[in-house]
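Below, read A as the first sequence line, B as the second, and so on, with proteins coming before strands; counting in each chain starts at 1. Quick caveat, the model's predicted, so the values are computed rather than measured.
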Protein chains: 2
Amino acid sequence: MRCLNINNKDVGVSKTNHFTDQQNRIATLAKALGHPARVAIIEYLLKVKTCICNDIVDELPLAQSTISQHLKELKNAGIIKGSIEGKTICYCLDETTFAVLKQYFKNIIISVNDQKCC
Amino acid sequence: MRCLNINNKDVGVSKTNHFTDQQNRIATLAKALGHPARVAIIEYLLKVKTCICNDIVDELPLAQSTISQHLKELKNAGIIKGSIEGKTICYCLDETTFAVLKQYFKNIIISVNDQKCC
DNA sequence: ATAACATATCGTAATATTGCGATGTTTAAA
DNA sequence: TTTAAACATCGCAATATTACGATATGTTAT
């Protein structure tokens with residue numbers, strides 16, 4: 001059953017358009033990292049330097065389709081890159097994205113040290 | 001209507017217990033940052049050094065109850081701290097948490113530079 | 001005591017996320 | 001050319017998230 005939103009209330013909808021591009025970007029990246037399976041995938045990619053593809057299925061307690069979905073989300077967010085490598089796909093981490101994240105938190109820490117409270 | 005999960009499939013449930021504490025911790029932090037409103041709240045707290053409370057309601061295009069909910073999530077994740085300050089509540093960023101995040105991404109970058117691919 | 005302010009919580013409605021099996025699609029080997 | 005491996009996508013079911021208004025709660029002035 002589908003119901004109409006009679007009152008025109010923005011219910012259940014992220015008002016992304018009200019925030020800055022930077023804020024949306026960080027939120028998108030953080031969201032993509034906001035699931036332990038995806039964190040695990042990243043750590044796996046980090047471990048197996050040669051950026052192998054879906055042996056991840058054997059690594060994690062999730063179905064192949066689920067892993068594929070998680071990989072897609074990571075790729076959409078720009079956290080990983082994937083390139084076709086014959087029969088398989090070579091996924092690997094996107095350094096520049098992590099550099100953005102590192103810098104963002106670094107800057108926060110610089111500012112937060114000025115705080116005079118709590 | 002509520003339906004039973006006849007097939008015992010873990011449908012729609014994060015299997016957090018299959019991942020390491022570290023992975024779950026990072027995912028929890030990232031998830032809390034995974035919404036532009038919460039990123040905006042953090043940046044606001046960063047700007048107004050004196051960690052004022054709900055003037056955030058005037059800053060963001062969201063209802064008071066919604067802001068309160070976002071603050072709660074940030075607090076639960078350990079990203080902000082709050083202490084009662086008379087009539088108001090003094091919210092401020094938790095430095096140690098940001099230090100964790102910064103370090104995490106720093107370490108990733110160190111490893112990712114070894115990568116020989118893509 | 002009461003009013004007013006600053007929150008938090010609750011109930012509800014809607015969308016988003018997560019997970020799976022089944023099924024496509026493409027490539028490489030047989 | 002069939003087969004199989006490696007993914008991706010689809011459809012479904014269930015939970016989670018987001019947002020709001022209404023309301024409750026606590027604090028401080030009046």
B:Leu74 CG to D:dT17 P, in whole Å, measures 13 Å
In short, B:Glu73 meets B:Ala32 closest at the heavy-atom pair O-CB, 4.4 Å
Regarding the side chain of A:Thr66, the nearest nucleotide among C:dT9, D:dA6, C:dC20 is C:dC20
| said: Tell me whether the side-chain N or O atoms of A:Gln64 pair up with the base of D:dA6 as donor and acceptor below 3.5 Å, since no angle test is needed here. | reply: no
note: B:Ile67, atom CD1; C:dA8, atom P; distance rounded to Å ~ 11 Å
Here the distance between atom C1' of C:dT9 and atom CG of B:Asn76, to the nearest Å, is 13 Å
Quick note, B:Lys31 side chain, CB onward, closest among C:dT27, D:dT17, D:dA19 is D:dT17
Between CD1 of A:Ile84 and C1' of D:dA5 the distance, given in whole Å, is 15 Å
Of the candidates C:dG19, D:dA19, D:dC10, the side chain of A:His35 sits closest to C:dG19
Exercise. Which of parallel (below 30°), tilted (30 to 60°) and perpendicular (above 60°) describes B:Phe19 and A:His35?
Worked result: perpendicular
For B:Lys31 and B:Arg38, the nearest pair of non-hydrogen atoms, with its separation, is O-NH2, 3.4 Å
Rounded to the nearest 0.5 angstrom, the CD-CG distance for B:Glu59 and B:Leu45 is 10.5 Å
To the nearest angstrom, the CD-P distance between B:Gln69 and D:dA16 comes to 15 Å
Regarding the side chain of B:Lys87, the nearest nucleotide among C:dC5, D:dA8, D:dC20 is C:dC5
The residue, B:Asp55 or A:Glu73, whose nearest nucleotide of DNA chain C is more 5′ is B:Asp55
To the nearest angstrom, the OH-P distance between A:Tyr91 and D:dA8 comes to 4 Å
Walking DNA chain D from its 5' end, the first of A:Leu71 and B:Glu85 to be reached, judged by nearest nucleotide, is A:Leu71
B:Ile89 CD1 to D:dT28 C1', in whole Å, measures 15 Å
In terms of heavy-atom contacts, B:Leu29 and B:Thr97 come closest through CD2-CG2, 3.4 Å
Looking across every strand, which nucleic acid part, if any, lies under 4.0 Å from A:Ser65 by heavy atom: base, sugar-phosphate, or nothing?
base
Rounded to whole Å, the NE2-C1' distance (B:His70 to D:dT17) equals 9 Å
Taking for A:Arg38 and for A:Gly86 the nucleotide of DNA chain C with the nearest heavy atom, the one nearer the 5' end belongs to A:Arg38
